[in-house]
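This structure is a prediction, so every number in the text was calculated from the model and none was measured. Letters A, B, ... are given to chains in the order of the sequence lines, protein chains preceding strands, and every chain is numbered from 1.
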2 protein chains.
Amino acid sequence: MGIAERKEREKGERERRIVSAARMLAERDGWASVTVRRLAQEIEYSQPVLYAHFENRDAIVGAVALEGFGELGPALRASVQPSATPSEAMKSVAIAYLEFAFERPALYEAMFILPTGLRFAKSDTPQVLRDTFGAMLAVITPFRDDAELATETLWAALHGLAELERHGRIRAAFREQRVTQIVAMFSA
Amino acid sequence: MGIAERKEREKGERERRIVSAARMLAERDGWASVTVRRLAQEIEYSQPVLYAHFENRDAIVGAVALEGFGELGPALRASVQPSATPSEAMKSVAIAYLEFAFERPALYEAMFILPTGLRFAKSDTPQVLRDTFGAMLAVITPFRDDAELATETLWAALHGLAELERHGRIRAAFREQRVTQIVAMFSA
DNA sequence: AAAAATATCTAGCAATGCTATTTTGTCAAT
DNA sequence: ATTGACAAAATAGCATTGCTAGATATTTTT
């Protein structure tokens with residue numbers, strides 16, 4: 001039955017092309033430009049084919065978001081030098097988080113802002129999501145007993161910093177100082 | 001020249017009806033349901049009339065957002081009891097902020113998430129926005145020299161708490177505890 | 001009363017997400 | 001090789017969107 005396997009392989013391959021086309025277009029022209037028609041054109045298939053892979057447009061955004069989580073966790077971990085002190089580690093993670101948000105805005109949008117149909121903080125939370133959470137948890141644990149709660153709070157603070165700055169609500173020039181404030185508070 | 005004035009009055013009145021229809025529909029059915037056609041129907045004028053008042057749909061969202069800022073500032077100030085200690089005051093403001101976000105989700109969305117074309121943290125920032133910022137600044141000043149910076153950071157933290165919870169990224173049941181954490185950190 | 005300016009509407013464009021229907025391609029059984 | 005069943009994919013279309021050009025009605029000015 002190698003035929004069925006080949007077909008499955010081809011379908012998987014096509015799915016990857018859809019997701020990476022979506023990501024590329026979003027990063028280049030913004031999510032509003034990511035239309036099902038344009039994606040179809042990009043992968044050289046007709047429009048309805050995409051609906052054999054994804055229930056709707058939101059699900060495509062969700063697939064890109066998942067890719068993003070697959071990268072954010074490792075990026076946070078990689079930012080920490082082995083020789084770093086606990087509070088240096090926390091600062092590295094915080095800065096890496098914001099860099100991720102600002103350097104891949106479309107990816108970040110898919111992960112945290114756009115409707116995607118993904119589930120979180122529930123029993124069915126995918127492993128990549130737990131991993132990302134874990135990367136932040138790791139640098140907080142040395143400082144706090146309520147590490148899980150504190151991770152949620154730190155995450156929220158970083159997310160807020162990223163979003164308000166992206167929308168021009170707070171002064172971009174003071175980013176570093178705000179991060180310093182936050183980290184100082186959490187590592188006290 | 002009472003005629004011109006009457007016309008201006010009528011135009012202003014109509015504009016208010018557009019904005020409040022938009023707000024009502026958004027709060028009831030979500031922003032996706034706020035279409036220019038539906039608004040036109042609501043105010044009993046044809047569609048192009050709305051473009052005599054607002055450049056485009058985003059500008060209507062922006063008008064609702066401005067209304068929101070006009071209410072958020074006072075709501076934050078009103079939450080503080082005259083007898084409150086400085087740290088009680090800060091906690092009241094933080095809780096009032098989150099209540100605002102959760103009880104008027106569509107309004108909050110217009111203010112902080114959707115594209116609106118409004119400008120912030122710039123010289124042309126409208127007074128209502130400065131007022132809202134001022135309400136937070138007031139409760140931070142007793143604790144910090146760098147009050148303006150700290151206000152930005154606190155604001156970001158609260159915004160992040162609201163957004164991550166709204167998207168189901170963090171556990172709703174622990175909202176109170178996260179607020180307590182944040183306030184403790186800023187009033188230390 | 002006629003002309004000019006203003007206000008408003010009708011009708012339509014191009015684009016969107018999504019889907020019913022038709023066509024094309026693949027493969028096994030004859 | 002031919003045929004018929006099944007799966008894959010394309011065409012064509014629906015309903016909806018934001019927005020606008022062009023036609024019509026309504027005031028205001030002359």
Practice item. Check the pair F143(B) / S87(B) against side chain to side chain contact (heavy atoms under 4.5 Å, CB included), numbers first and verdict last. Key: CA-CA 9 Å; F143(B) 295 100; S87(B) 75; 3.8 Å; yes
Check your understanding: Between H159(A) and F112(A), how do the two ring planes meet: parallel, tilted or perpendicular, split at 30° and 60°?
Key -> tilted
Exercise for review: Would you kindly give the CG-to-C1' distance between L114(B) and dG18(D), to the nearest whole Å?
Suggested key: 16 Å
Practice item. Note down the inter-axis angle between the two ends of the helix from dA1(C)-dT30(D) to dT30(C)-dA1(D), five pairs each, to the nearest 10°. Key: 30°
Check your understanding: To the nearest angstrom, how far is E10(B) atom CD from dT27(D) atom P?
Key -> 10 Å
Check your understanding: Below 4.0 angstrom from OP1 or OP2 of dA9(D), is there any side-chain N or O of R14(A)?
Key -> yes
Exercise for review: Starting from C1' on dT6(C), measure out to NZ on K11(B) and report it in whole angstrom.
Suggested key: 11 Å
**Study point:** Separation of atom CD1 in I43(B) from atom P in dC9(C), rounded to whole Å
**Key:** 9 Å
Revision key, fill the gap. When V36(A) and V49(B) are each assigned the nearest nucleotide of DNA chain C, the 5'-most assignment goes to V49(B)
Check your understanding: Please give, in whole Å, the distance from dG17(C) P to L39(A) CG?
Key -> 9 Å
Review point. Given atom CG of L50(B) and atom C1' of dC9(C), what is their separation to the nearest angstrom?
Key: 13 Å
Practice item. Kindly determine whether Q177(A) and D146(B) satisfy side-chain hydrogen bond (donor to acceptor under 3.5 Å, both in side chains), including the steps that lead there. Key: CA-CA 10 Å; Q177(A) 292 184 50; D146(B) 54 355; over 6 Å; no
Point to revise | Short side-chain N/O contact from T35(A) to OP1 or OP2 of dT16(C), under 4.0 Å | key: yes
Review point. So, is R37(B) close to the dC19(D) phosphate, meaning a side-chain N or O under 4.0 Å from OP1 or OP2?
Key: no
Check your understanding: Between K91(B) and E176(B), does at least one N-O distance fall below 4.0 Å, as a salt bridge requires?
Key -> yes
Check your understanding: To the nearest angstrom, how far is W31(B) atom CH2 from dT17(D) atom P?
Key -> 15 Å
Check your understanding: Taking the six-membered ring of Y108(A) as reference, does the NZ or CZ atom of R166(A) fall below 6.0 Å from its centre and within a 45° cone about the axis?
Key -> no
Review point. With the 4.5 Å side-chain cut-off for hydrophobic clustering, are F174(B) and L154(A) part of the same group?
Key: no
Review point. Can you check the D29(A) CG to dA15(C) P distance for me, whole Å?
Key: 15 Å
Review point. Please walk me through it: do E152(A) and R171(B) pass side chain to side chain contact (heavy atoms under 4.5 Å, CB included)?
Key: CA-CA 8 Å; E152(A) 290 185 335; R171(B) 301 163 295 170; 2.8 Å; yes
Review point. Is there a donor on the side chain of Q47(B) or the base of dC19(D) sitting less than 3.5 Å from an acceptor on the other?
Key: yes
Exercise for review: From the options dC19(D), dA10(D), dT10(C), select the nucleotide whose nearest atom is closest to the side chain of S46(B).
Suggested key: dT10(C)
Practice item. Report the nucleotide, chosen from dT17(D), dC9(C), dC18(C), that has the shortest atom-to-atom distance to any side-chain atom of R38(B). Key: dT17(D)
Review point. Touch check for Y45(B), heavy atoms < 4.0 angstrom, all strands: base, sugar-phosphate only, or nothing?
Key: sugar-phosphate
